[in-house]
> 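Okay, here's the structure, questions in a sec.
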Amino acid sequence: MESYLSILVGLYFAGSVYLLLSQSLVRILIGIALLGNGVNLLIFTSGRITRGVPPIIEKGAKVAEASIANPLPQALILTAIVISFALFAFVLVLSYRAYQEIGTDDTAKMRIAEPVEPSHLPKGY
Amino acid sequence: MNTLILRTIVPLLTGLMVIYSIVVLLAGHNDPGGGFIGGLIAASAFALYGIACGVAPVRRALYFHPVSIAAFGMLLSALSGVISLYKGVPFLTGLWWFPEIAKGVEVPLSTPLMFDIGVWLVVVGSLVTIALALEEKE
Amino acid sequence: MKTISTEGAMLQTATAAVDWYILAPVVIPLVTAAILIIFRRAVGLHPYIALLALAANIYASFELLMKVKLEGPLAMTMGNWLPPFGISFAADLLGAILTLTSSLAVFCVALYGMGDASSRERRFGFYPLILTLLVGVNGSFLTGDIFNLYVWFEVFVISSFGLIVLGGTRKQLDGAVKYCFLSLIATTLFLIATGYLYGLYGTLNMADLSKIVAPLKFEGPLVVVSALYLLAFSMKAAAFPLYFWLPASYHTPKIVVSALFAGLLTKVGAYSLLRTFTITLPVAGDSWLMDVMFYVGVGTAICGALGAIAQTDLRRLFSFLLVASIGFMLIGISIGTETALSATIFYMVHSILIMTALFLIAGVIYEHRGSLDLRSLSGMNKDLPLLSLLFLGLGFVAMGFPPFSGFWPKMILISETIKQEVYLGTFAIIFSSFLSIISLGRAFAFGFWRPLTAGAEDEVAIQAKQLTVYSKLQYVPVLLLMILVTLVGLLPGYLYELSSLGAKGLVDTSSYIAAVFGGAL
């Protein structure tokens, strides 16, 4: 099971790298979303896929009776999901605002901060 | 989205969803649930209220600004860890009180509960901020 | 009901209140930020509350440093668990020194913000955001758990996102897009590496990892994980092939914000490299990966300095100098001897202070002249003598001239490269410093020495009328930082003692591990 999931993670990463390398901001955004999901799946696979009951301890008991699923990857993934959701929402709004202000989503044409006009250097520079 | 049916049913539904979110929040210590998921339910309740009745009634109903609510939640969660300072245990240790409100009725209160309420407030505050900002645009 | 012994999993003894100094640099700014957001309408009070909290933070970090210096590394594991079950916080000298330095830098930035951040920007959260940024940075310096380090990274990254768009001009949005995308990809790479690490060893506690990894050979998946960490942190630290986002974005936000970024953010990347390749993954620190890092460092030092001499915008010039300074740190980390590491720690402290000061003085220049373009700046030594003197002084510090703080770490690093016979490193450091002397010297010659260009008089007069009381106050944080770097330069012995003790703790990890595991190994 782990090997199938590993291949899936690899496909996620390959797809996201392909999208990240494009010039369009929208494609880069989708690439980032894909990368985030790939990572979550990766952590899930790293925690080993085991068949076990959910890690919830019965009332009255202090330890679990049967073998339980590893609860740590779930905690790591939840943290990662919340963080990547927040950052992705921010970047999405930022790209939209940048598109409104600059008028293009082509990263090669976004040269406001680093203009290409020839500089008239002072004498002796 | 300003239909009669939605406007009639949503105030009732919002109240129910907020109550359910509090149930989920309180159940969270021993069962599935907790501050995060409860906060999401409550935030979607307020978002729904905003869709049906407009943003202004939601702001009036919340009374406090959603950002302030989120910040208060953050403060509550941070302070729930600091309480351990007075007990001589590390940060964020779970501490419990069992005050008796009536004869034989104990209410278990704890710092994990305080932390979870803080998380609930953070989630409600921040998501309602985003939802209301998006709804105001339209 | 069965009784279950918790001795193996939970702490049985009480924690002394003084141990809480390790949490104070995180908790104080966090609580203050929350209070400031609750009272977001009282923008007039924001700077005073923030400054008070930052002063308390400096005091707490100083106490932490003194305690760590006397008693060795200090650790606390959250929630009464024993490591590696709970999340550990562990302060060694490296973390404590950097916490104190960053708290000082943020204090100066907050002081500068009093005059620079408008009440609208304050309502949008200028002060809460710089406080949460400090939370993230201090958390990164003090945490002993690598997943927790990722979380602190995200805390300061999201605060910096908020700060970089504060104001929202076109130029800013363009710079912010590049900064935000690259930061997001770098932290995701960090998370990928952490996911693999968890899959490999089943623990994310740095001290625990150190024990597990130390006897292993550097091969197989460990190489992949280490290379990913090198890539992710180098991206965040703006190292050689991946530094283009920094000069593309750091000159766009408000000047006070760029000062904060220049002082702290890249240094967290460099710190994480230092931490990962000494304590967390000790075998990777002795492998061929360090040669890769060495060439990356050489490339960063030379490309940064070459970029700096090509710039006409003062802030972009400083951004490239910042890139070059990261190169020196990478060279120091890659050599990896105790002397080289102590020079690196010394250089990091120097770099935090000087980079904050350089960007702040750019702010003062902007206040007086309304421009940071060296093509139009001129004649400032006539009407602004104090500013000229400060700029010259800070220039000397950044170039690494003897009586100031930049000289000592560079000298130690150069002598160490010669001793280790890595002459390429010697060449890179000297060449890069030489180029930075040219670029800063030329900035001084054009902006200050050159007589006022014809036609610029009117503009200068207009700008002079707009000055407020705050413009004078803005000298105060720059002066404070100037005094600090001069003191460090004149009395280098004290900081060198601290940083060499810190480096000793990185080479011999036993005291760090012992502190985290409470003495019982």
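These numbers come from a predicted model, not from an experiment. Order of the sequence lines sets the chain letters (A, B, ...), proteins ahead of strands, with each chain counted from 1. Keep in mind that the numbers below use all heavy atoms, side chains included, and drop hydrogens, waters and symmetry copies.
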> Please check if the number of heavy atoms outside Phe161(C) that lie under 6.0 Å from its CZ is greater than 12.
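Yes.
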> What do the steps show when you test Phe147(C) against Thr79(A) for side chain to side chain contact (heavy atoms under 4.5 Å, CB included), and what is the final call?
CA-CA 10 Å; Phe147(C) 190 79; Thr79(A) 315; 3.9 Å; yes
> With only heavy atoms counted, which part of Ile192(C) is less than 4.5 Å from chain A, the side chain, the backbone, both or neither?
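When you check distances to chain A, atoms from both the backbone and side chain of Ile192(C) fall under 4.5 Å.
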> Do you know which of Thr252(C), Ile185(C), Val157(C), Val155(C) has the most heavy-atom pairs under 4.5 Å to chain A?
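Ranked by heavy-atom pairs under 4.5 Å with chain A, first place is Ile185(C).
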> Rounded at 0.5 Å granularity, tell me how far CD in Gln172(C) sits from CZ in Arg97(A).
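Here the interatomic distance stands at 10.5 Å.
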> Counting only heavy atoms closer than 4.5 Å, note whether Leu87(A) contacts chain C via side chain, backbone, both or neither.
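Answer is both: backbone and side chain atoms of Leu87(A) are under 4.5 Å from chain C.
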> Could you walk me through whether Phe90(A) and Val165(C) satisfy the side chain to side chain contact (heavy atoms under 4.5 Å, CB included) test, starting with their C-alpha distance in whole Å, then the side-chain angles of each, then the deciding distance to 0.1 Å, before giving a yes or no?
CA-CA 11 Å; Phe90(A) 183 90; Val165(C) 294; 4.0 Å; yes
> For residues Leu76(A) and Leu204(C), report the shortest heavy-atom separation together with the two atoms involved.
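Taking every non-hydrogen atom into account, CD1-CD1, 4.0 Å.
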> Using atom types as modelled and distance alone, determine if a side-chain donor or acceptor of Arg48(A) lies under 3.5 Å from a backbone N or O of Gly199(C).
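Present.
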> Quick one: closest heavy-atom pair of Leu94(A) and Cys180(C), and the distance?
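Answer, listing the atom of Leu94(A) first, then Cys180(C): CD2-SG, 3.6 Å.
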> Is there a donor-acceptor contact under 3.5 Å from the side chain of Ser46(A) to the main chain of Tyr198(C)?
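Not a single qualifying donor-acceptor pair exists.
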> Give the member of Gln100(A), Met110(A), Arg111(A) that has the highest number of heavy-atom pairs under 4.5 Å with chain C.
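With the most close heavy-atom pairs to chain C, the winner is Met110(A).
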> Apply side chain to side chain contact (heavy atoms under 4.5 Å, CB included) to Leu25(A) and Phe181(C), showing your working.
CA-CA 10 Å; Leu25(A) 266 188; Phe181(C) 276 93; 3.6 Å; yes
> Mind checking the CZ-OG1 spacing from Phe88(A) to Thr188(C)? Nearest 0.5 Å is all I need.
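Reported value, rounded in 0.5 Å steps: 11.5 Å.
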> Specify the closest pair of heavy atoms between Leu191(C) and Ala80(A), including all atoms of both residues, with the distance to one decimal.
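Closest heavy-atom pair between Leu191(C) and Ala80(A): CD2-CB, 3.7 Å.
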> State the CD1-CZ distance between Ile102(A) and Arg170(C), to the nearest 0.5 angstrom.
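Reported value, rounded in 0.5 Å steps: 6.5 Å.
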> Using 0.5 Å steps for rounding, measure from the CD atom of Glu154(C) to the CD1 atom of Ile83(A).
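Separation between the atoms: 5.0 Å.
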> Identify which part of Phe44(A) has an atom lying under 4.5 Å from any heavy atom of chain C, answering side chain, backbone, both or neither.
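Neither part.
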> Quick one: pull up CG in Asp313(C) and CD in Glu114(A) and give me the separation to the nearest 0.5 Å.
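So the gap between those two atoms works out to 11.0 Å.
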> Between Val91(A), Leu20(A), Ile77(A), Ile43(A), which residue shows the highest count of heavy-atom pairs closer than 4.5 Å to chain C?
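Ranked by heavy-atom pairs under 4.5 Å with chain C, first place is Val91(A).
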> Quick one: of Ile158(C), Thr169(C), Thr187(C), Leu200(C), who has the most non-hydrogen atom pairs under 4.5 Å with chain A?
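Top count of heavy-atom pairs under 4.5 Å with chain A: Ile158(C).
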> So does Tyr366(C) have more than 12 non-hydrogen atoms from other groups sitting under 6.0 Å from OH?
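Atom OH in Tyr366(C) is not packed in, count stays at 12 or less.
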